[in-house]
Amino acid sequence: MRTKIKEILNRQDTDYQVNVKGWVRSFRNNQFIALNDGSCMANIQVVIELGTDEHVVRKITNGASISVDGTVIASQGKGQRVEIKAAQITILGECDTDKFPLQLKNRPSLEYLREIAHLRFRTNTFGAVFRVRHTLAYAIHKFFNDRGFVYLHTPIVTASDAEGAGEMFRVTTLPFDNPPRKEDGSINFEEDFFARSTNLTVSGQLEAELGAMAFSEVYTFGPTFRAENSNTARHLAEFWMIEPEVAFNDITDNMDLAEEFIRYIIGYAVEHNREDLEFLTQRLADEEKQKPMNERSEMGLMEKLEFVLNNKFERITYTEAIDILLNSPAYKKKKFQYEVKWGIDLQSEHERYLVEKHFKKPVIVIDYPKDIKAFYMRMNDDDKTVAAMDILAPGIGEIVGGSQREERLEKLEKRMAEMHVPAEELSWYLDTRRFGTVPHAGFGLGFERLVLFVTGMTNIRDVIPFPRTPGKADF
RNA sequence: UCCUCCUUAGCUCAGUUGGUUAGAGCACAUGACUGUUAAUCAUGGGGUCUCAGGUUCAAGUCCUGAAGGGGGAGCCA
């Protein structure tokens with residue numbers, strides 16, 4: 001019966017028999033094995049007896065997997081509370097140290113580790129990142145479940161391309177070299193698997209709205225796909241998104257939900273992954289030391305998370321945001337590259353100024369001009385703005401995008417016509433407005449951006465196990 | 001997609017004005033070592049200087065192009 005290393009390190013007593021299995025992180029002095037099984041950041045020290053079979057000892061190398069039977073005892077040395085006095089060591093899998101790229105004393109770069117993503121889980125950094133990622137995913141389900149939300153599985157293959165959230169990946173079984181064609185020469189998708197053109201989903205929102213019109217509160221949490229040629233540290237072609245949708249909620253309820261949600265899951269991670277987050281805090285601090293003074297962030301990672309937990313998000317309207325920017329020293333000194341005036345979409349530099357310089361905390365911006373937002377967002381009484389909301393986070397930018405949805409059929413149809421959204425393809429969506437429509441609101445949160453924020457990592461490719469980006473789909 | 005920077009040993013990096021046989025730390029191998037903590041000590045092996053052209057008596061170093069990567073921007077989550 002195997003015991004997890006985390007369990008042994010958490011127990012207060014000693015002098016009991018255990019079996020542990022894991023991977024060797026280091027082997028010192030022909031005597032001390034640092035063993036890790038991924039259950040926690042810390043290794044356990046295994047002490048081997050004099051006279052252990054030399055054939056076995058020679059195979060205890062960095063990266064090798066072993067099984068150890070022995071006794072947990074109070075450590076005879078400094079540096080750890082307990083250790084395992086080994087009675088029997090079995091080599092499960094040898095590791096050719098000459099070829100194994102991970103060594104404790106090497107400092108491989110994150111970029112290099114990305115090329116060996118199948119092995120990077122065995123490093124402290126990625127062990128911590130993906131344990132935190134797991135905890136966040138669990139906390140998300142727990143948050144919604146505790147509040148009576150139904151987890152709705154929206155389709156991954158979709159015929160809907162009406163939302164316009166981005167370029168889509170086509171799904172087809174038609175032959176590439178000689179697809180069936182119509183008389184006008186266009187490809188005849190009626191002969192395709194689904195008898196129509198289909199794509200990978202860019203968002204589950206429209207389908208989530210259908211569920212909210214019956215269950216009152218639903219959420220989706222699944223993969224989404226965007227075929228944009230985006231090469232940045234904040235974009236992936238395949239990423240996971242959380243999209244709650246709540247009937248009877250207005251934009252203020254929506255903000256309250258989003259804020260409570262973010263605070264809850266961060267708090268859950270801080271509570272359950274403290275060791276990992278403290279390691280990541282130190283890692284980030286070490287990385288920051290490489291930067292010039294003026295580029296360093298004012299807060300450490302743990303400090304930042306505590307700050308978010310203890311401070312309300314700032315809430316402003318788009319119009320107020322524009323005023324702040326127009327009156328900012330940065331604007332007066334012509335520091336902004338892009339023009340600032342009412343009606344523009346806020347650029348990265350504007351969002352960064354508001355979040356990182358002006359408010360120095362997460363900011364919720366609402367009531368955007370209708371022309372820069374999607375057709376389904378609810379028109380405000382001024383007829384110029386819509387009840388949209390974006391949550392902007394320091395270092396990440398937009399982490400949440402949401403809105404109160406337009407529940408009035410005539411207004412929705414009018415907006416769809418203005419924005420050239422094909423109403424006939426979305427008749428199922430419009431049915432919700434025909435049959436017992438209610439005010440409702442929801443938002444989308446990019447899971448990897450949340451993981452970035454919580455782990456203090458800076459590249460989104462380092463917080464998803466196997467990143468898919470333009471030109472890259474390894475593993 | 002655009003701008004910009006980078007590519008030298010398994011990894012992280014030096015490499016001066018274009019000039020002899022391209023270096024260091026770590027890793028790895030061999031040996032020593034039973035209380036180590038990124039263990040330590042000794043010895044040793046390890047290079048198509050990303051690739052393809054070009055300039056030159058001479059190119060890791062200069063020029064052109066390609067590929068890969070980083071940072072920033074756009075699109076967004």
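Naming convention: chains lettered A, B, ... in sequence-line order (proteins, then strands); numbering from 1 in each chain. Since this is a predicted model, take the numbers as computed values, not measurements. Basis for what follows: all heavy atoms, side chains included, without hydrogens, waters or symmetry-related copies.
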[N] pairs with, by Watson-Crick or G-U criteria that keep both distances under 3.5 Å:
N     : result
B:U4  : B:G70
B:G25 : B:C11
B:G53 : B:C63
B:G45 : none
B:A32 : B:U40

Just N and O in the side chain of [X]: are any of them under 4.0 Å from OP1 or OP2 of [N]?
X      : N     : result
A:R234 : B:G72 : no
A:R28  : B:U36 : no
A:S348 : B:G74 : yes
A:T232 : B:G71 : no
A:Q347 : B:G74 : yes
A:N29  : B:U36 : no
A:N459 : B:G71 : yes

Ring centres under 6.0 angstrom apart ([X], [Y]):
X      : Y      : value
A:Y353 : A:Y331 : no
A:Y219 : A:Y151 : yes
A:F261 : A:F144 : yes
A:F359 : A:F307 : no

Distances under 3.5 Å only, N/O to N/O: pair up the protein atoms with those of nucleotides 27-31 of chain B.
from: B:A27; atom 1: OP1; to: A:K105; atom 2: NZ; distance (Å): 3.1
from: B:C28; atom 1: OP1; to: A:N62; atom 2: ND2; distance (Å): 3.4
from: B:C28; atom 1: OP1; to: A:Q103; atom 2: OE1; distance (Å): 3.3
from: B:C28; atom 1: O3'; to: A:T97; atom 2: OG1; distance (Å): 3.0
from: B:C28; atom 1: O2'; to: A:D98; atom 2: OD1; distance (Å): 3.0
from: B:A29; atom 1: OP1; to: A:T97; atom 2: OG1; distance (Å): 2.6
from: B:U30; atom 1: OP1; to: A:R58; atom 2: NH2; distance (Å): 3.4

Checklist outcome for this item: Heavy-atom nearest nucleotide on RNA chain B taken for A:S230 and for A:I73; more 5' hit belongs to A:I73
Are [X] and [Y] close enough that some pair of their side-chain heavy atoms sits under 4.5 Å apart?
X      : Y      : answer
A:Q404 : A:N254 : no
A:I8   : A:R11  : no
A:Y138 : A:Y268 : yes

Atom [atom1], compared across [N] and [M]: separation rounded to whole Å:
N     : M     : atom1 : result
B:C26 : B:C63 : C1'   : 36 Å
B:U17 : B:U55 : P     : 25 Å
B:A59 : B:U64 : C1'   : 15 Å
B:U61 : B:U50 : P     : 8 Å
B:C5  : B:A38 : C1'   : 31 Å
B:A9  : B:A24 : C1'   : 11 Å
B:G71 : B:G15 : P     : 23 Å
B:C13 : B:A52 : P     : 25 Å

In whole angstrom, what separates [X]'s [atom1] from [N]'s [atom2]?
X      : N     : atom1 : atom2 : answer
A:E398 : B:C75 : CD    : C1'   : 11 Å
A:I48  : B:U36 : CD1   : P     : 16 Å
A:N43  : B:A38 : CG    : P     : 11 Å
A:L113 : B:G10 : CG    : C1'   : 13 Å
A:R114 : B:U12 : CZ    : C1'   : 16 Å
A:I344 : B:C75 : CD1   : P     : 10 Å
A:E349 : B:A73 : CD    : P     : 9 Å
A:K472 : B:G70 : NZ    : C1'   : 13 Å

Which part of the nucleic acid, if any, lies within reach of [X] when heavy atoms closer than 4.0 Å are counted: base, sugar-phosphate only, or nothing?
X      : value
A:L236 : base
A:F239 : base
A:Y338 : sugar-phosphate
A:R461 : sugar-phosphate
A:P101 : nothing
A:E448 : nothing

Lys/Arg N to Asp/Glu carboxylate O, [X] vs [Y], below 4.0 Å:
X      : Y      : result
A:R147 : A:E260 : yes
A:R378 : A:D250 : no
A:D276 : A:R133 : no

Out of [options], whichever nucleotide has its closest atom nearest the side chain of [X]:
X      : options             : answer
A:S26  : B:G68, B:A39, B:C11 : B:A39
A:H235 : B:C76, B:A73, B:G69 : B:C76
A:S75  : B:C11, B:G68, B:U36 : B:U36

Can you find a donor-acceptor pair, distance only, under 3.5 Å between [X] side chain and [N] base?
X      : N     : result
A:N231 : B:U1  : yes
A:E83  : B:G35 : yes
A:E111 : B:U12 : no

Checklist entry - Hey, is NZ on A:K361 packed in by over 12 heavy atoms from elsewhere, all under 6.0 Å? => result yes
